[in-house]
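In what follows, a single structure is set out as C-alpha cells and then discussed.
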2 protein chains.
Amino acid sequence: MTRKTISRAGKPLSIDLLERMADILKILAHAHRLKIVEFLEARGASPVHKIMEEIGLPQAVTSQHLNQMRRIGLLSAERRGQEVWYAIADPRALTILDCIRRKES
Amino acid sequence: MTRKTISRAGKPLSIDLLERMADILKILAHAHRLKIVEFLEARGASPVHKIMEEIGLPQAVTSQHLNQMRRIGLLSAERRGQEVWYAIADPRALTILDCIRRKES
DNA sequence: TTTATTTATTGATATATTTCTATATTATTA
DNA sequence: TAATAATATAGAAATATATCAATAAATAAA
C-alpha cells in the first residue's frame, strides 16, 4: 500500500529554471561532493581540515569542492579564527541525497 | 509545524554506491534531459520524433540524450514499428525532479 | 526492390570539469 | 616581526561532455 510516485506534474518548468536546477544537480553529481554532504549531515558544521581528513582528499581539491558547493548556495562558510567552517545551507542537498538513498520512490 | 528535514542519516554510504549515485545525478544534470523527463511524466511514453519536436532539439542530439538516460536505467525504450517509444523507468528520475521543483525540503 | 521514414551511430570539434603543483592569503603564535 | 597553521587561488595537464554533420541501420510503404 505504498504510493509509487507523488504526482507533481503541473505547468511545465521554464528552460531557465531547468538550467538552474541542472546547475545544482551538476554540482551534487560527484562522489566526493556527495560524501562531503553526507559527512556534514552526520557531523554538522565542520572546518576544512576535518572534512579533508574524513574524505581523504588533498587540501586544494577539498577546498575547491567546498567552494563550488558554497558558490551555488548548497553550503555556507563561516570563518572562525584560522579555520573556515562549512555547513549545509540548502536543504535540497539533503533531499536529493535522500532521494537516491532510498532504492526508489 | 512543517518538518524541515527527514533525517535519514545512518551508516555512511560506500564510495562505490556514491559513485553510482553520482552517475545518475550527472545524467539528470542537464536542462534538456530534465525537460525530456518532465515531458515523459506529463505525456507518458512517447516516440523520439514527438520528444524532439517538443524539446526543439536536432534528431541526433535528442537520440543521444535519450540513450544516455536509457543506458543507466532512467528510461526504457521499446520499438514499435519504425518508432522507438521511450518512457520513465526509474521513479528516482521523477523524485529528483520533484525534489528540485519544491523550493525546499 | 526501391524509396521514404524513423532512429542510432560515428568522428570531429568545442567546451567544461577534475586534479595537480605551486603559491598566495588570512589569522595565530612565538 | 618571523614562523606556523589553515584555507584559497592560479595555471597547466588530463579527462569528460556536448554538439554537429554525415552516415548507417531498421522498418514500412510503394
Side-chain angles (χ1 to χ4, degrees), chain A residues 15-16 18-37 39-40 43 45-89, chain B residues 15-16 18-37 39-40 43 45-89:
Chain A
I15 189 68
D16 206 71
L18 287 169
E19 254 153 29
R20 268 179 291 136
M21 288 169 54
D23 284 341
I24 293 177
L25 289 178
K26 210 173 297 178
I27 295 295
L28 275 175
H30 190 286
H32 291 148
R33 289 192 290 264
L34 286 173
K35 200 161 177 56
I36 289 173
V37 170
F39 175 73
L40 291 176
R43 305 281 267 274
S46 311
V48 179
H49 63 96
K50 276 286 170 207
I51 298 169
M52 56 180 278
E53 204 175 275
E54 167 74 15
I55 315 297
L57 285 181
Q59 185 272 321
V61 175
T62 308
S63 181
Q64 282 155 356
H65 284 316
L66 289 169
N67 272 298
Q68 281 185 71
M69 292 194 275
R70 185 189 46 74
R71 258 186 245 119
I72 63 165
L74 285 177
L75 302 185
S76 63
E78 185 200 349
R79 181 171 277 278
R80 297 189 197 171
Q82 38 186 357
E83 299 175 332
V84 175
W85 288 57
Y86 281 85
I88 294 169
Chain B
I15 189 68
D16 206 73
L18 288 169
E19 253 152 31
R20 268 179 292 138
M21 288 168 54
D23 284 341
I24 293 177
L25 289 177
K26 211 173 296 179
I27 295 296
L28 275 175
H30 190 286
H32 292 147
R33 289 191 291 263
L34 285 173
K35 201 161 177 56
I36 289 173
V37 170
F39 175 72
L40 291 177
R43 304 282 266 276
S46 310
V48 179
H49 64 96
K50 276 286 170 207
I51 298 169
M52 56 180 276
E53 203 175 275
E54 166 74 17
I55 315 297
L57 284 181
Q59 185 270 321
V61 174
T62 307
S63 180
Q64 282 154 358
H65 284 316
L66 289 169
N67 271 298
Q68 282 184 72
M69 293 194 276
R70 186 188 45 74
R71 257 185 245 119
I72 63 166
L74 285 177
L75 302 185
S76 64
E78 184 199 351
R79 181 172 277 278
R80 298 189 196 172
Q82 37 185 358
E83 301 175 329
V84 176
W85 288 57
Y86 282 84
I88 294 170

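Since the model is a prediction, treat every value here as computed from it, not as a measurement. The chains referred to below are lettered A, B, ... by the order of the sequence lines, with proteins before strands, and numbering in each begins at 1.
A straight line from NZ of B:Lys26 to P of D:dA18 spans 10 Å, rounded to a whole angstrom. Put simply, CZ on B:Arg80 is 18 Å from C1' on C:dT5, counting in whole angstrom units. If you measure from atom CH2 of A:Trp85 to atom C1' of C:dT26, you get 18 Å, rounded to the nearest angstrom. A:Arg71 places its CZ atom 10 Å from the P atom of C:dT17, with the value rounded to the nearest Å. Put simply, CD on B:Gln82 is 16 Å from C1' on D:dA24, counting in whole angstrom units. Here the C1' atom of nucleotide D:dC20 and the CD atom of B:Gln59 are 12 Å apart, to the nearest Å. In this structure, NE2 of A:His49 is placed 12 Å from P of D:dA8, rounded to the nearest angstrom. In this structure, A:Arg79 atom CZ and D:dA6 atom P are separated by 12 Å, rounded to whole Å.
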All N/O contacts under 3.5 Å from nucleotides 19-21 of chain C to the protein, with atom names and distances to one decimal?
| from | atom 1 | to | atom 2 | distance (Å) |
| --- | --- | --- | --- | --- |
| C:dT19 | OP2 | A:His65 | NE2 | 3.0 |
| C:dC20 | N4 | A:Gln64 | NE2 | 3.2 |

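Considering A:Arg70, A:His65, A:Arg71 as possible partners of A:Asn67, the one that fulfils the side-chain hydrogen bond (donor to acceptor under 3.5 Å, both in side chains) test is A:Arg70.
Closest to the side chain of B:Glu83, from the set C:dA27, C:dT7, C:dT18, is C:dT7. Closest approach to the A:Asn67 side chain among C:dT7, C:dT18, D:dT9 is made by D:dT9 (side chain taken as heavy atoms from C-beta onward).
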>> Show, in sequence, the C-alpha distance, side-chain angles and deciding distance for A:Ile88 and A:Leu74, and conclude whether the side-chain contact (heavy atoms from CB on, under 4.5 Å) test is met.
In response: CA-CA 6 Å; A:Ile88 294 169; A:Leu74 285 177; over 6 Å; no
>> The test is side-chain contact (heavy atoms from CB on, under 4.5 Å); show your working for B:Arg33 and B:Leu28 and say whether it passes.
In response: CA-CA 6 Å; B:Arg33 289 191 291 263; B:Leu28 275 175; 5.7 Å; no
>> Could you go through B:Glu83 and B:Val48, starting from their C-alpha distance and side-chain angles, then the distance that decides it, and tell me whether this counts as side-chain contact (heavy atoms from CB on, under 4.5 Å)?
In response: CA-CA 7 Å; B:Glu83 301 175 329; B:Val48 179; over 6 Å; no
> Can A:Lys26 and B:Lys26 be said to form a side-chain contact (heavy atoms from CB on, under 4.5 Å), step by step?
Replying inline: CA-CA 6 Å; A:Lys26 210 173 297 178; B:Lys26 211 173 296 179; over 6 Å; no
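For B:Glu53 and B:Lys50, the salt-bridge test passes: some basic side-chain N is under 4.0 Å from an acidic carboxylate O.
The side chain of B:Tyr86 places no N or O atom within less than 4.0 Å of a non-bridging phosphate oxygen (OP1 or OP2) of C:dT6.
For A:Arg79 (side chain) and A:Gly81 (main-chain N/O), a donor-acceptor pair under 3.5 Å exists by modelled atom type.
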